[in-house]
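To keep things clear, I will list the structure first and then write my remarks on it.
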2 protein chains.
Amino acid sequence: MFSIGELSRRTKVKVPTIRYYEEMGLLAEAERTSGNQRRYDHAGLERLSFIRHARDLGFSIESILSLIELQEHPDRSCQAATEIATSQLMDVRAKIKRLRALEKELVRMSKGCDGDGVSEDCYVLASLADHTLCDHEH
Amino acid sequence: MFSIGELSRRTKVKVPTIRYYEEMGLLAEAERTSGNQRRYDHAGLERLSFIRHARDLGFSIESILSLIELQEHPDRSCQAATEIATSQLMDVRAKIKRLRALEKELVRMSKGCDGDGVSEDCYVLASLADHTLCDHEH
DNA sequence: CCTTGAACCTCTAGTCACTAGAGAATGTAG
DNA sequence: CTACATTCTCTAGTGACTAGAGGTTCAAGG
C-alpha cells in the first residue's frame with residue numbers, strides 16, 4: 001500500500017491529476033487511512049498506467065471510460081475496443097494531414113522575408129492578410 | 001456598413017466568436033448604431049479574415065495579438081513576424097512527429113484483434129495495460 | 001513522547017478558445 | 001404597425017487539467 005505521491009512518482013501522473021481521474025470515475029475511489037489519506041495497491045497502479053498510456057495516445061477521458069467498461073465485461077469486448085482504437089487512429093491521421101498542409105504554408109510564409117533583398121512589406125503578414133496567396137484551401 | 005451577422009457570413013466566423021475576439025482585443029471596438037448594434041466596414045472584414053486565417057494555421061490568440069501589433073508598427077516588423085511564424089512551424093512539426101508515433105502504435109494495436117484466429121484477450125486493451133508492448137517510448 | 005516539516009486533504013478558481021442559453025432590445029420586410 | 005429574425009449583454013459550460021488557500025496527517029529524528 002502506498003500514498004498518492006508514491007503513485008504519482010511511479011506513473012508520472014501528477015497528484016492533482018490522479019484526484020481528478022478519481023472524480024471523473026476513471027479510477028475507483030481509493031481506500032483511505034484513518035486520517036483520510038488515499039492508499040493504493042498494485043491494481044491501482046496498473047489501472048492508472050493504463051489510463052496514462054491511453055491519454056498519451058490521445059484517447060479522450062470519455063473513450064477511456066468506455067474502454068474500462070469493456071475491460072470489466074470481457075465478453076465481446078474486443079470488437080468494440082478495436083472500434084474505439086480505429087476511430088482514434090482515423091482522428092490522428094486527419095490531424096496529421098491537416099498539420100502537413102499547415103506546415104507547407106508556414107514554410108512558404110517564413111521563407112518569403114529573408115531572401116536576398118530587403119522586402120518592403122512583411123511576407124508573413126501579407127500571407128495572413130491575403131488568403132488567395134495560399135495554394136490550398138483550409 | 002454591415003451587421004455582425006453579415007460579417008459572420010462573409011468570414012465564416014461565428015457571431016459569438018467575433019464578439020469574443022473584440023473582447024480579447026483582436027478586433028477594435030466596432031462602431032455602433034443608435035440602437036447599440038455593431039456595424040462593420042471593409043477594414044473590419046479584412047482584419048477578421050486575417051485573424052481567422054492565423055487561427056486556422058494554429059496561431060494562438062496571443063501570437064495573433066503580437067502579429068497585429070507588428071502590423072501597426074511596420075518598421076523592423078518583418079523579422080519579428082517571421083520569428084513568430086517560424087516558431088509556429090517548429091510547433092507544427094513537433095506535433096506531426098508525435099502524431100506519427102501514435103499512428104504507428106494505434107495501427108499495431110488495431111491489427112492485433114482481427115487476425116485469422118479468435119483472440120482470447122483483447123489486444124487493444126492489453127496494449128494499453130502493458131506499456132512494454134510498445135516499440136517506442138512516449 | 002514530541003516536534004518538525006513534507007505530504008496530504010478539500011475546495012475554489014483559473015487556463016484556452018470558444019459555445020450555449022436566457023431574457024431583453026432592435027432592425028427590417030410586408 | 002406588426003411579426004419575427006437578428007442583435008444585445010450576461011452568465012455558465014466545455015475538456016483536461018493546473019494553481020493556490022487554508023487546514024490536517026504522516027514519518028523521522030531527538
Side-chain angles (χ1 to χ4, degrees), chain A residues 1-27 29-40 44 47-48 50-68 84 87-88 91-92 95 98 102 138, chain B residues 1-27 29-41 44 47-48 50-68 87-88 91-92 95 98 102 138:
Chain A
M1 296 297 248
F2 41 85
S3 70
I4 197 169
E6 182 61 25
L7 182 64
S8 168
R9 243 163 281 129
R10 293 202 202 179
T11 56
K12 262 113 200 162
V13 176
K14 283 178 194 157
V15 168
T17 306
I18 297 173
R19 290 197 274 251
Y20 171 73
Y21 287 162
E22 182 182 308
E23 201 185 304
M24 292 297 102
L26 291 182
L27 289 170
E29 294 198 9
E31 284 180 58
R32 303 286 185 129
T33 63
S34 57
N36 199 34
Q37 299 196 356
R38 290 169 180 82
R39 283 302 112 109
Y40 298 90
R47 167 64 73 88
L48 184 53
F50 175 97
I51 293 167
R52 173 168 149 71
H53 197 173
R55 287 290 305 131
D56 278 351
L57 290 170
F59 289 87
S60 69
I61 298 277
E62 217 191 320
S63 294
I64 298 173
L65 270 172
S66 306
L67 289 170
I68 284 171
I84 292 174
S87 135
Q88 183 59 30
D91 223 71
V92 165
K95 277 181 193 153
R98 175 158 173 68
L102 301 194
H138 46 234
Chain B
M1 296 296 247
F2 40 85
S3 69
I4 196 169
E6 181 62 24
L7 182 64
S8 168
R9 242 164 282 128
R10 294 202 202 180
T11 55
K12 261 114 200 162
V13 176
K14 285 181 194 153
V15 169
T17 305
I18 297 173
R19 290 197 274 250
Y20 171 74
Y21 287 161
E22 182 181 309
E23 201 184 304
M24 292 298 101
L26 292 182
L27 289 169
E29 294 198 10
E31 284 179 58
R32 303 285 184 130
T33 64
S34 57
N36 200 35
Q37 298 196 357
R38 290 170 180 82
R39 285 301 112 113
Y40 298 90
D41 57 9
R47 165 66 72 91
L48 184 53
F50 175 95
I51 294 166
R52 175 170 147 71
H53 197 171
R55 286 290 304 132
D56 278 350
L57 290 171
F59 290 86
S60 69
I61 299 278
E62 217 191 319
S63 294
I64 299 174
L65 270 172
S66 305
L67 289 170
I68 285 171
S87 135
Q88 184 59 27
D91 221 72
V92 165
K95 278 182 191 152
R98 171 157 176 70
L102 301 193
H138 47 233

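All values below were derived from every heavy atom in this structure, side-chain atoms included, with hydrogens, water molecules and symmetry-related copies excluded. Within every chain, numbering begins at 1; the chains are lettered A, B, ... in the order of the sequence lines, protein sequences first and strands thereafter.
Comparing B:N36 and B:Y20 by the nucleotide of DNA chain C that holds the closest heavy atom to each, the one mapping nearer the 5' end is B:Y20. Along DNA chain D, the nucleotide closest to B:E6 and the one closest to A:T33 are compared, and the more 5′ of them pairs with B:E6. Map B:S60 and B:R39 each onto its nearest nucleotide of DNA chain C; the residue landing nearer the 5' end is B:S60.
When heavy atoms are screened at a 4.0 angstrom cut-off, B:R19 is found touching base atoms of the nucleic acid. Within 4.0 Å of A:Y21, counting heavy atoms only, lie sugar-phosphate atoms of the nucleic acid but no base atom.
Between A:E23 atom CD and D:dT18 atom C1' the separation is 13 Å, expressed in whole Å. One can place CG of A:L27 at 15 Å from P of D:dA16, the figure rounded to the nearest angstrom. Taking atom OH of residue A:Y40 and atom C1' of nucleotide C:dA7, one finds them 14 Å apart after rounding to whole Å. If you take CE of A:M24 and P of D:dA16, they are 10 Å apart, rounded to a whole angstrom. One atom, CG of A:L48, and another, C1' of D:dC17, lie 14 Å apart when rounded to the nearest Å. With rounding to whole Å, A:E62 atom CD is found 11 Å from D:dG15 atom C1'. Rounded to an integer number of Å, the gap from A:E22 CD to C:dC11 P is 12 Å. In this structure, the CZ atom of A:F59 is 13 Å from the P atom of D:dA16, given to the nearest Å.
Distances were taken from every side-chain heavy atom of B:R32 (C-beta onward) to each of D:dA16, C:dT19, D:dT9; the shortest belongs to D:dT9. Comparing C:dG27, D:dA16, C:dC8 by their closest approach to the side chain of B:Q37 singles out C:dG27. Of all nucleotides listed (C:dC8, D:dT9, D:dC17), D:dC17 comes nearest to the side chain of A:I61. Closest to the A:S34 side chain, of the nucleotides D:dC26, D:dT7, C:dG27, is D:dC26. Closest contact between the side chain of B:I4 and the listed nucleotides D:dC17, C:dC9, D:dT7 involves D:dT7. The side chain of A:K14 approaches D:dT18 more closely than any other nucleotide in the set C:dC18, D:dT18, D:dC17. Among the nucleotides D:dC17, C:dC18, D:dT7, the one closest to any side-chain atom of B:S3 is D:dT7.
One finds a side-chain N or O of B:R38 lying less than 4.0 angstrom from the OP1 or OP2 phosphate oxygen of D:dC8.
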Practice problem: For A:L48 and A:Y40, run side-chain contact (heavy atoms from CB on, under 4.5 Å): C-alpha distance rounded to whole Å, both residues' side-chain angles, the deciding distance at 0.1 Å, then the answer. | Solution: CA-CA 10 Å; A:L48 184 53; A:Y40 298 90; over 6 Å; no
Quiz item: Is there a side-chain hydrogen bond (donor to acceptor under 3.5 Å, both in side chains) between A:S60 and A:S63 once you walk through the steps?
Solution: CA-CA 5 Å; A:S60 69; A:S63 294; 3.2 Å; yes
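Under the 4.5 Å side-chain criterion, counting only non-hydrogen atoms from C-beta, A:S3 is in contact with A:R39.
Between B:R19 and B:E22 there is no salt bridge, since none of the side-chain N atoms of the basic residue sits less than 4.0 Å from a carboxylate O of the acidic one.
A:F2 carries A:R10 over the face of its six-membered ring, with the cationic atom under 6.0 Å from the centre and within 45° of the normal.
Taking each heavy atom of B:R47 and B:L26 in turn, the nearest pair found is NH1-O, 2.7 Å.
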